[in-house]
Amino acid sequence: MEIRRVTRAADVAAAGHLFDSPPLPEATARFLADDRHHLLIAYVDDVPAGMVTGVEMTHPDKGTELFLYELGVDEPFRGRGIGRALTAALAELSRERGCHGLWTVTEEENTAARATYRSAGGEPAPGQAVYVWDFEES
């Protein structure tokens, strides 16, 4: 397995099956144009097997941290440690970029994600709640 940082839209399109939905060209271009956005893809024999995305966020009194936005591993490649390796690689990239931490959110019932994040060194934050605002297009 090889993990690569992806910066070209063609590489995102070739790994489109790893995302929840096919990547949108305009959103892909916007994501890749910002050097605070990170996309790592794991390749097995040059086949895109998994991906993780992260976004750096800076706050005046907290500094910069990295949000693990999405992690996905293609079904045939699950159970091989690819998700853990991608998460660890993103954590390392976060350190290299001077971030003070890495964080993510997942569903309580997503046992696979929770196990992956724990195996990569993450700990659940006690007493946290997630609030969302969903602005659907009308």
Side-chain angles (χ1 to χ4, degrees):
M1 174 188 50
E2 178 187 4
I3 296 176
R4 300 179 206 152
R5 182 158 182 217
V6 170
T7 58
R8 296 176 338 127
D11 294 328
V12 176
H17 64 284
L18 299 173
F19 295 85
D20 292 336
S21 302
L24 305 169
E26 203 172 294
T28 297
R30 188 172 176 187
F31 183 92
L32 295 174
D34 191 326
D35 71 343
R36 295 165 299 178
H37 295 173
H38 309 289
L39 170 58
L40 305 178
I41 296 181
Y43 295 86
V44 175
D45 298 325
D46 278 331
V47 174
M51 67 85 188
V52 65
T53 58
V55 177
E56 290 179 36
M57 298 180 298
T58 302
H59 194 271
D61 70 335
K62 293 172 183 62
T64 302
E65 60 188 344
L66 197 121
F67 172 58
L68 188 160
Y69 190 89
E70 188 170 344
L71 173 68
V73 177
D74 199 11
E75 185 72 39
F77 297 99
R78 291 182 184 165
R80 299 186 193 183
I82 292 172
R84 179 180 58 246
L86 284 164
T87 302
L90 189 66
E92 182 57 31
L93 177 63
S94 176
R95 284 186 202 92
E96 289 171 7
R97 302 225 2 129
C99 296
H100 69 79
L102 171 71
W103 66 282
T104 193
V105 176
T106 192
E107 297 85 7
E108 221 173 288
E109 64 275 0
N110 190 340
T111 56
R114 292 170 55 129
T116 296
Y117 298 142
R118 271 192 187 274
S119 71
E123 292 292 327
Q128 297 293 310
V130 176
Y131 294 82
V132 299
W133 286 254
D134 190 8
F135 303 116
E136 292 187 34
E137 293 185 38
S138 24

Practice prompt. Find out if a path of hydrophobic residues (ILVMFWY) with successive side-chain heavy-atom gaps under 4.5 Å connects L66 to L93.
Written response: yes

Worksheet item: Is the count of non-hydrogen atoms from other residues, nucleotides or ligands lying under 6.0 Å from E26 atom CD greater than 12?
Response: no

Fill in: G63 to H100 - nearest heavy-atom pair and separation
C-CD2, 4.0 Å

Discussion item. Parallel, tilted or perpendicular, judged at 30° and 60°: which one describes the rings of Y69 and F67?
Written reply: perpendicular

Item to complete: Check whether any side-chain N or O of D74 sits under 3.5 Å from a backbone N or O of F77 as a donor-acceptor pair, and report yes or no.
Response: no

Discussion item. Please report the interatomic distance CG(L68) to OG1(T106), rounded to the nearest 0.5 Å.
Written reply: 9.5 Å

Worksheet item: Is there a side-chain contact between E65 and H59, using heavy atoms and a 4.5 Å cut-off?
Response: no

Practice prompt. Look at the side chain of H38 and the backbone N and O of T53, then say whether any donor-acceptor pair between them is shorter than 3.5 Å.
Written response: no

Item to complete: Look at the side-chain heavy atoms of Ile, Leu, Val, Met, Phe, Trp and Tyr, link any pair under 4.5 Å apart, and say whether F31 and L18 land in one connected group.
Response: yes

Worksheet item: If you draw a 6.0 Å radius around CD in E2, do more than 12 non-hydrogen atoms from other residues or ligands fall strictly inside?
Response: yes

Fill in: Common cluster, V6/L90, ILVMFWY with side-chain heavy-atom separation under 4.5 Å
no

Fill in: I3 with L39, same ILVMFWY side-chain cluster at under 4.5 Å
no

Worksheet item: What distance separates I41 CD1 from R4 CZ, expressed to the nearest 0.5 Å?
Response: 8.5 Å

Discussion item. Can you tell me how far apart CD (E56) and CG (L102) are? Round to the nearest 0.5 Å.
Written reply: 11.0 Å

Worksheet entry | Approximate separation, where rounding is to 0.5 Å, of M51 CE and E70 CD | 3.5 Å

Worksheet item: With the threshold set at 4.0 Å, does a side-chain nitrogen-carboxylate oxygen contact exist between D11 and R5?
Response: no

Discussion item. When you compare the side chain of T64 with that of R97, does any pair of heavy atoms fall below 4.5 Å?
Written reply: no

Practice prompt. Of all the heavy-atom pairs spanning I82 and A49, show the shortest one and how long it is.
Written response: CD1-CB, 4.0 Å

Worksheet item: Is V105 reachable from Y131 through a run of I, L, V, M, F, W or Y residues, each pair having side-chain heavy atoms under 4.5 Å apart?
Response: no

Practice prompt. Please report the shortest heavy-atom distance between P48 and H17, naming the atom on each side.
Written response: O-NE2, 3.1 Å

Worksheet item: Would you say the side-chain atoms of D34 pair up with the backbone N or O of R36, donor to acceptor, closer than 3.5 Å?
Response: yes

Worksheet, complete the sentence: Interatomic distance, OG1@T87 vs CG@L71, rounded to 0.5 Å, equals 4.5 Å

Worksheet entry | Side-chain heavy atoms of R118 within contact of P124, under 4.5 Å | yes

